[in-house]
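Below is one structure; the comments refer to it alone.
So you know, we letter chains A, B, ... as the sequences are listed, proteins then strands, and number each from 1.
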Number of protein chains: 2
Amino acid sequence: MKDLLSVLKISVPSKIYIKDPETSDLGKRIVENSILLINEIGFESFTFKKLGTKIGSNESSIYRYFESKHKLLQYLSSWYWAWLEYQLVLETFSISNTQEKLEKAVKVITRTVEEDSNFSHINETILYKIIVNESSKSFLTKEVDSENKEGYFEIYKRVITRISEMILAVNKNYPFALSLASTILEGGLHQHYLKEHFPSITNCKKGKTPTDFFIHLINNLL
Amino acid sequence: MKDLLSVLKISVPSKIYIKDPETSDLGKRIVENSILLINEIGFESFTFKKLGTKIGSNESSIYRYFESKHKLLQYLSSWYWAWLEYQLVLETFSISNTQEKLEKAVKVITRTVEEDSNFSHINETILYKIIVNESSKSFLTKEVDSENKEGYFEIYKRVITRISEMILAVNKNYPFALSLASTILEGGLHQHYLKEHFPSITNCKKGKTPTDFFIHLINNLL
DNA sequence: CAAATATAATAGTATTACTATCACTAAATA
DNA sequence: TATTTAGTGATAGTAATACTATTATATTTG
């Protein structure tokens with residue numbers, strides 16, 4: 001996996017950034033450290049000024065890469081979905097049994113990202129925490145519709161479409177494949193969040209993961 | 001229902017506000033118009049200054065009721081969950097058949113709030129839109145844990161607990177009642193959001209509602 | 001070596017998210 | 001009736017935010 005990814009590049013919709021952060025050292029430091037800083041202080045308190053200080057660079061230089069912190073969050077989200085899609089395809093590709101394939105897919109999209117695959121400057125484990133805590137904010141805005149038209153959410157939508165196809169492969173008569181797919185994806189993140197902050201309204205904890213919940217769900221539903 | 005509510009008062013955790021907005025005309029105008037304004041321009045663009053202008057009052061007066069716009073959002077959310085809990089209890093109370101009771105409950109928590117029950121200055125239809133679009137932001141912050149300890153999310157958690165009890169009444173061996181309950185509640189809001197902004201990743205549309213999806217789900221799962 | 005490009009440094013702006021102070025009015029209370 | 005006091009409004013002020021613009025300097029490339 002590590003080797004494969006060394007020749008592949010995660011591709012994010014180009015309209016999200018002004019200048020591709022993958023093309024320079026500064027760009028990579030911006031992305032790498034924005035993940036750390038957002039994780040530390042939260043998206044609301046995160047500013048380009050603070051990030052500039054952290055990376056020993058100037059606020060104005062960061063603005064050459066991203067129009068706003070909101071766009072940066074969308075970049076990080078898209079990057080994560082692209083990375084997840086890659087994991088998803090890789091780990092399910094060779095499975096021919098439809099049931100088994102779907103189970104694997106659900107595992108991939110609902111599991112905690114625990115080990116840093118480390119093929120890049122991006123720490124996926126920490127990025128995953130940001131996805132759990134902040135990713136909703138990337139689309140819950142007044143600008144969703146225009147941003148959606150611009151293609152900002154293409155990868156996210158493609159992941160859901162892929163899952164829905166696997167659902168239909170198991171049961172072609174199931175009438176809510178897309179809704180189930182989107183529910184598992186967002187619901188998985190949400191259960192991880194609850195486990196951390198609202199343990200009284202989830203059954204998930206150590207030894208009983210969101211993955212177990214959703215695997216049990218699809219096995220009894222489809 | 002209208003009559004019943006005229007003697008009942010929706011009760012929100014008192015730590016959320018500085019001064020109870022229900023106790024004055026200005027307070028009610030703040031709440032009433034904040035709902036309209038947040039719906040119009042979105043929570044990010046919403047400010048107390050703009051709200052002050054809208055209600056012909058002063059920014060500083062609004063700060064006498066709410067410490068910040070974040071607290072105001074939490075107030076609106078709590079108010080909604082309290083209102084929903086009331087609907088939930090009222091509409092399921094007299095149903096003795098457990099299956100039927102749960103179905104009704106799922107209907108109540110996943111349906112679109114369409115008619116304004118109009119028992120107060122609060123427009124529930126528009127408030128519901130805010131819940132769909134903005135309510136996640138009330139807990140997705142770095143302050144969740146301390147705010148949770150202060151009891152800000154009590155009503156929300158109680159609604160989920162109630163649903164989970166109804167799930168267990170149908171199938172006492174189902175091992176994920178809380179997770180299923182929280183998934184239906186948040187998932188319902190999310191499907192409504194997708195229907196509006198990302199129709200390509202949901203099966204929900206006119207004539208095929210989030211309610212249909214979740215009713216079908218529980219009926220085949222439990 | 002010149003030209004283009006990337007970055008840094010500095011300054012500046014409108015707005016935000018408040019806090020503080022003071023004045024005024026209406027209602028409650030002594 | 002006089003007097004607190006509570007509620008609201010008006011004004012001012014502050015530190016920080018979310019940028020934009022300009023100029024200088026360093027680095028890369030043709």
> Using a heavy-atom distance cut-off of less than 4.0 Å, which residues of residues 17-36 of chain B contact DNA chain D?
Replying inline: K19(B), S24(B), L26(B)
>> Would you call the rings of H192(B) and Y128(B) parallel, tilted or perpendicular, taking 30° and 60° as the class edges?
In response: perpendicular
> Listed by chain and number, what are the salt bridge (charged side-chain N to carboxylate O under 4.0 Å, His left out) partners of E143(A), not counting sequence neighbours?
Replying inline: none
>> Once you measure the plane-to-plane angle for F153(A) and F198(B), does it fall in the parallel (<30°), tilted (30-60°) or perpendicular (>60°) bin?
In response: perpendicular
> Between which nucleotides of DNA chain C, 5' to 3', does chain B make heavy-atom contacts below 4.0 Å?
Replying inline: dT16(C) to dT21(C)
> Would you call the rings of Y193(A) and H197(A) parallel, tilted or perpendicular if under 30° counts as parallel and over 60° as perpendicular?
Replying inline: tilted
> In Å and rounded to the nearest 0.5 Å, what is the OG to CD1 distance from S68(B) to I62(B)?
Replying inline: 12.5 Å
> Looking at V159(B) and W81(B), what are the two nearest heavy atoms and their distance?
Replying inline: CG2-O, 3.8 Å
>> Between Y156(A) and S135(A), is there a side-chain donor-acceptor contact under 3.5 Å, judged purely by atom types and distance?
In response: no
> Hey, is E40(A) close enough to K54(A) for a salt bridge, meaning N to O under 4.0 Å?
Replying inline: yes
> Quick one, which residues of residues 51-70 of chain A touch DNA chain D with a heavy atom under 4.0 Å?
Replying inline: E59(A), S60(A), Y63(A), R64(A), E67(A), S68(A), K69(A)
> Taking NZ, NE, NH1 and NH2 as the nitrogens, is one of them in D25(B) or R29(B) under 4.0 Å from a carboxylate oxygen of the other?
Replying inline: yes
> Y17(B) vs Y75(B) aromatic rings, parallel, tilted or perpendicular, using cut-offs 30° and 60°?
Replying inline: perpendicular
>> Going 5' to 3' along DNA chain D, which are the first and last nucleotides with any atom under 4.0 Å from a heavy atom of chain A?
In response: dT17(D) to dT22(D)
>> Suppose the criterion is ring pair (Phe, Tyr, Trp, His ring centres under 6.0 Å): which pairs have a residue in residues 27-58 of chain A, not counting sequence neighbours?
In response: F48(A)-Y63(A)
> Is the shortest side-chain N to carboxylate O distance from R111(A) to E91(A) below 4.0 Å?
Replying inline: yes
